[in-house]
Amino acid sequence: KQEVTQIPAALSVPEGENLVLNCSFTDSAIYNLQWFRQDPGKGLTSLLLIQSSQREQTSGRLNASLDKSSGRSTLYIAASQPGDSATYLCAVGNNNDMRFGAGTRLTVKP
Amino acid sequence: NAGVMQNPRHLVRRRGQEARLRCSPMKGHSHVYWYRQLPEEGLKFMVYLQKENIIDESGMPKERFSAEFPKEGPSILRIQQVVRGDSAAYFCASSKDGGAEAFFGQGTRLTVV
């Protein structure tokens, strides 16, 4: 059974810092890995999708990497802004479903 | 393409009543997933459906909960005889196939009073 862990659970940084969020999973037989953002009381927004054959994906200030063999993914956020404050979730997809980590709650202070 | 639509957005039910949550997937998507998010907790997988079939319901409580995705119409998550512990946000996602990118609805927030 796939287990997904996200570290740290919470992170507070000053505006402008670069930061890394971590996601680890126990079963490397995955189809894809997806990073989402969730704002308080809102739904989930897909940020980046990495297929199992890919190593990384980039969108603007976001870069996500995938190392299937070690069961890890990182989400790198460059030059963080207060508007980046949210909970970031990683989800590991196989052919049946997606399993989520518990998320990292990010606060970017002005 | 309107995206994944969930309704209602907010639902209040008294203990013992039934709750029906609807999810219309994106156009062209035949895979639907339901997740539950309890207050201050992460998203938990409940059930995965394709049209007219339940593929994986390993995350769904055995009693009082059921899900369907008929040939026509939205997917329905049904909770019978709701209890206070059912209060949560219920999210639905859809994808073209099992390995494709998933898109989420805005969720239904169920409050049991």
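Protein chains get the first letters and strands the later ones, always in sequence-line order, with residue 1 at the start of each. Any value given below was found using the heavy atoms of this structure, including those in side chains, with hydrogens, waters and symmetry copies removed.
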Please classify the contact between [X] and chain A as side chain, backbone, both or neither, with a heavy-atom cut-off of under 4.5 Å.
| X | answer |
| --- | --- |
| B:Y35 | side chain |
| B:R9 | neither |
| B:A102 | both |
| B:Q37 | side chain |

Nearest 0.5 Å please: distance from the CZ atom of A:R105 over to the OG atom of A:S12.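 The CZ atom of A:R105 sits 12.5 Å away from the OG atom of A:S12.
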Rounded at 0.5 Å granularity, tell me how far OG1 in A:T58 sits from OH in A:Y76.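 Separation between the atoms: 11.0 Å.
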With only heavy atoms counted, which part of A:L89 is less than 4.5 Å from chain B, the side chain, the backbone, both or neither?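 Contact with chain B involves the side chain of A:L89 alone.
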Could you tell me which portion of A:Q38 (side chain, backbone, both or neither) has an atom closer than 4.5 angstrom to a non-hydrogen atom of chain B?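 Looking at A:Q38, just its side chain touches chain B.
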The test is salt bridge (charged side-chain N to carboxylate O under 4.0 Å, His left out); show your working for A:R99 and A:D27 and say whether it passes. CA-CA 11 Å; A:R99 300 287 166 156; A:D27 186 351; over 6 Å; no
Looking at B:R64 and B:D86, does any basic side-chain N land under 4.0 Å from a carboxylate oxygen? yes
Polar side chain donor-acceptor pair, B:Y33 to B:S95, under 3.5 angstrom: yes
